[in-house]
Amino acid sequence: MNKKTVRDIDVKGKRVFCRVDFNVPMQNGVVTDDTRIRAALPTIQYLMEQGAKVILASHLGRPKGKVVEEMRLNAVAERLSELLGKRVVKTDEAYGDAVKAAIAEMNEGDVLLLENVRFYPGEEKNDPELAKAFAELADIYVNDAFGAAHRAHASTEGIAHHLPAVAGFLMEKEIEVLGKALSNPDRPFTAIIGGAKVKDKIGVIENLLDKVDNLIIGGGLAYTFVKALGHEIGKSLLEEDKIELAKSFMEKAKEKGVNFYMPVDAVVADDFSNDANKKVVNIDEIPSDWEGLDIGPKTRELYRDVILKSKLVIWNGPMGVFEMDAFAEGTKAVAQALADAKDTYTVIGGGDSAAAVEKFGLADKMDHISTGGGASLEFMEGKQLPGVVALNDK
Ligand SMILES: Nc1ncnc2c1ncn2[C@@H]1O[C@H](COP(=O)(O)OP(=O)(O)OP(=O)(O)O)[C@@H](O)[C@H]1O
Ligand SMILES: O=C(O)[C@H](O)COP(=O)(O)O
C-alpha cells in the first residue's frame, strides 16, 4: 500500500482521532457479534503502547443525522473495555466542549469512544464544518475503518484534509490482501459470485472477468444467466432487463478464455419458505410453478472441484437462501470446500458470505475474511475508496 500507516508516525503523547468501524449487530443493548471490534484491537493496542491518547470514532446503523437511543455506542464501549482489559471512557457527543474537556483529562495510553458520528447530519454529507470540529479534537488522524472506507463522510474523508492522516493495521491488511488478489494473483484464480441480484454485482463481474481464470456464478442472480441461455426458470429470481448483459458477460468470458461456471442443477421449491416442498432438478428442467432457491448436488461437486484446484479464491454472495436451513446446503458446500482447500488462499468478501462462514463454524479455516461488505465489493469493482485516497502518501 502506498499510504502511510501508524508505523510511519510518532504518536507519543499525541491525541489520535482513530476512525473504526464498530457498526456491529446488537440485540437488547448487547453486542451480539464483536468481530469488527476485535479486528480493530491491533491498532488500538499499538496506539496505547506507543503512548497515544486514543480517541475512537464510529458509526452504528443508519440513524440519518438524528439521535436514536438504541444506536448509542455505550454497549460497544463496554465490550471494548472487556476486550482491552481497561476502562474505555464513552462521551455522549462526538465533538464540542464537553468532548474536549473529557479529552483534556486523558493520560497517555487512555482510550475514549465518541458517540455515534451519524447522529449528526453533517457526517454523511461530509460537511467541512463537522470535519473541522472532529479535527479540532486531535493532532493525528488514523483510519482503521475499512468497512466504511467506501463512504466519503466527515469522519472517514473530510477530517483527513485537516490532520496528518494515516492508515491503521486493519485498513492496511484489507487493502493489501484484496489489492494483491486483484493486481498479482496466484493462479488459478477463481471468483465465486452469488447473492440475490445481478444489478448489485455488475461492476464486480465486469472487473473480475479481466483478472480471473474461473468465474463461478450462484445464488439468485444465476437464474438470469440461466434464462439468458434460453432455459425456463419458473418463478426463480429474474431481472428481465439484465438478460442481455448476462449474455454479454458469457461472451466476454469466452473471448478472454475465462472458464464460466453456472449451476447445472438446482434445488427448487413450491414456495419461498423453509417448509416448502422441494426437489432437485437439472437446470433446464425447472417446473413453471417452482423457484430455484439453492444450487443442486451436481453443481456443489463441480464448484468444489474448481475450488480445490485453485490457488486463490475470492467469494462474495451466498449460493442460495442460506438463512433457511432447507436451502443452505449449497452455500455450506462452498464454505466447506474453501475450508478443505489447504493450498488455496481463501478470501471472503464481507457481508452475507462472511455471515455464512460464521454460521457454519468455518470462519477460522479461511485465510482472510473481510470486515467490509460494501467496501470490499467496491474494491473488487476496481473503484478507489475515498477513505483510503484521503490518507497521506508514503
Ligand atoms: N436462489 C435465490 N433466490 C432468492 N434469494 C436468494 C437466492 N440465493 C440467495 N438469495 C439471497 O440473497 C441474499 C444475499 O444477497 P446479497 O446480494 O445481499 O449478497 P451479499 O453481496 O453477500 O450481501 P452483502 O450486501 O451483505 O455483502 C441472501 O439473503 C439470500 O437469501
Ligand atoms: O456495515 C457496513 O458495511 C459498514 O459499516 C458501512 O455501513 P453503511 O452501509 O451503513 O455505510
Side-chain angles (χ1 to χ4, degrees), residues 19-25 33 35-37 39-40 58-64 71 76 116-118 123-124 144-153 155-157 174 192-205 217-226 233-239 263 266-269 271-274 276 278 283 286 290-296 299 314-331 334-335 348-357 359 369-381 385-387:
R19 177 58 157 99
V20 287
D21 184 355
F22 286 169
N23 185 23
V24 292
D33 178 359
T35 308
R36 280 180 164 171
I37 304 178
S58 177
H59 73 283
L60 179 87
R62 293 178 175 169
K64 303 208 164 87
M71 293 184 189
V76 173
N116 190 342
V117 289
R118 285 196 187 165
E123 167 64 4
E124 292 185 69
D144 210 24
F146 175 74
H150 58 315
R151 309 288 184 213
H153 295 171
S155 71
T156 61
E157 203 276 343
E174 294 266 19
I192 308 170
I193 304 295
K197 295 197 182 120
V198 179
K199 168 170 90 43
D200 297 337
K201 304 288 158 88
I202 297 172
V204 187
I205 296 175
I217 299 284
L221 62 85
Y223 297 95
T224 298
F225 286 85
V226 175
I233 58 169
K235 291 185 169 159
S236 311
L237 277 185
L238 171 67
E239 288 157 272
V267 179
V268 295
D271 189 20
F272 190 81
S273 111
N274 202 28
K278 59 172 187 169
I283 207 68
I286 299 177
W290 295 59
E291 59 188 311
L293 295 183
D294 198 6
I295 54 173
T299 309
I314 289 188
W315 180 24
N316 181 286
M319 296 290 100
V321 185
F322 76 104
E323 299 92 337
M324 298 183 199
D325 286 344
F327 310 106
E329 288 305 314
T331 303
V334 163
I348 313 298
D352 275 319
S353 333
V357 165
K359 175 178 160 144
I369 301 181
S370 177
T371 52
S376 68
L377 208 58
E378 290 203 13
F379 195 97
M380 284 192 258
E381 288 174 12
L385 305 181

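Numbering of ligands and ligand atoms starts at 1, following listing order. Sequential numbering from 1 along the given sequence is applied to the chain's residues. When reading the values below, keep in mind they use all heavy atoms of this one structure, side chains included, and skip hydrogens, waters and symmetry mates.
Val24 is not listed as a side-chain neighbour of Asp33, based on a closest heavy-atom distance of 4.5 Å or more. Using a 4.5 Å cut-off on side-chain heavy atoms (C-beta onward), Lys278 and Val268 make no contact. A 4.5 Å side-chain heavy-atom check between Leu238 and Tyr223 finds every atom pair outside the cut-off. Between Lys64 and Arg118, the closest side-chain pair of non-hydrogen atoms is not below 4.5 Å. Between Leu293 and Val267, every side-chain heavy-atom pair lies at or beyond the 4.5 Å cut-off. Residues Val321 and Glu323 form a side-chain contact, since some pair of their non-hydrogen atoms from C-beta on lies under 4.5 Å apart.
Geometrically, ligand 1 and Gly292 share a nitrogen or oxygen pair separated by less than 3.5 Å. Residue contacts with ligand 2: Asn23 is placed with a nitrogen or oxygen under 3.5 Å of a nitrogen or oxygen of the ligand (distance criterion only). Among the atoms of Glu323, some N or O lies under 3.5 angstrom from an N or O of ligand 1. At least one N or O atom of Gly220, backbone or side chain, sits closer than 3.5 Å to an N or O atom of ligand 1. Between Asp352 and ligand 1, a contact under 3.5 Å exists for at least one N or O pair. Residue-to-ligand polar distances place Lys201 within reach of ligand 1: an N/O pair is separated by less than 3.5 Å.
The nearest protein atom to atom 4 (C) of ligand 2, hydrogens excluded, is given as Gly147 O, 3.3 Å; this is a heavy-atom distance. Of the protein's non-hydrogen atoms, Ala196 CB, 4.2 Å is the one closest to atom 11 (C) of ligand 1. For atom 7 (O) of ligand 2, the closest heavy atom belonging to the protein is His59 NE2, 3.4 Å. Considering only non-hydrogen protein atoms, atom 4 (C) of ligand 1 sits nearest to Leu237 CD1, 3.6 Å. Looking from atom 5 (N) of ligand 1 to the surrounding protein, the closest heavy atom is Val321 CG2, 3.6 Å. Scanning the protein for heavy atoms near atom 27 (O) of ligand 1, the closest one is Gly351 CA, 3.4 Å. Nearest to atom 3 (O) of ligand 2 among the protein's heavy atoms is Arg36 NH2, 3.6 Å. When only non-hydrogen protein atoms are considered, atom 9 (C) of ligand 1 lies nearest to Gly320 O, 3.1 Å. Taking atom 11 (O) of ligand 2 as the reference point, the nearest protein heavy-atom neighbour is Arg151 NE, 2.6 Å.
Close contacts between ligand 1 and Tyr223 involve ligand atoms 1 (N) [criterion: under 4.0 Å to a heavy atom]. Close contacts between ligand 1 and Gly317 involve ligand atoms 22 (O) [criterion: under 4.0 Å to a heavy atom]. Counting atoms of ligand 2 from 1 in the listed order, those under 4.0 Å from a heavy atom of Arg62 are 8 (P), 9 (O), 10 (O). When each atom of ligand 1 is checked for a heavy atom of Asn316 under 4.0 Å away, the hits are 21 (O). When each atom of ligand 1 is checked for a heavy atom of Gly219 under 4.0 Å away, the hits are 1 (N), 8 (N). Near Asp21, the atoms of ligand 2 lying under 4.0 angstrom from a non-hydrogen atom of the residue are 4 (C), 5 (O).
Here the closest non-hydrogen pair linking Ala375 and Leu385 is O-CD2, 4.0 Å.
Note: Asn316 CG to Ile192 CD1 = 10.5 Å, rounded to the nearest 0.5 Å. The distance from the OG1 atom of Thr156 to the CD atom of Glu124 is 10.0 Å, given to the nearest 0.5 Å. Atom OG1 of Thr224 sits about 7.5 Å away from atom CG of Leu237, to the nearest 0.5 Å. Distance check, rounded to the nearest 0.5 Å: CZ of Phe225 to CD1 of Ile233 gives 12.0 Å. Here the NZ atom belonging to Lys201 is positioned 9.5 Å from the CD1 atom belonging to Ile217, to the nearest 0.5 angstrom.
Side chain to side chain, His59 and Arg19 meet the donor-acceptor criterion of an N or O pair below 3.5 Å. Looking only at atom types and distance, the side chain of Glu174 has a donor-acceptor partner in the side chain of Ser370 under 3.5 Å away.
With a 4.0 Å heavy-atom cut-off, ligand 1 is reached by no atom of Phe327. The residue Leu377 has no part lying near ligand 1, judged by heavy-atom distances below 4.0 Å. Here Glu124 has no heavy atoms under 4.0 Å from ligand 2, in either its backbone or its side chain.
No heavy atom of His153 sits closer than 4.0 Å to any atom of ligand 2. Distances from ligand 2 to the non-hydrogen atoms of Gly372 include no value under 4.0 Å.
Surrounding NZ of Lys197 are at most 12 heavy atoms belonging to other residues, nucleotides or ligands under 6.0 Å away.
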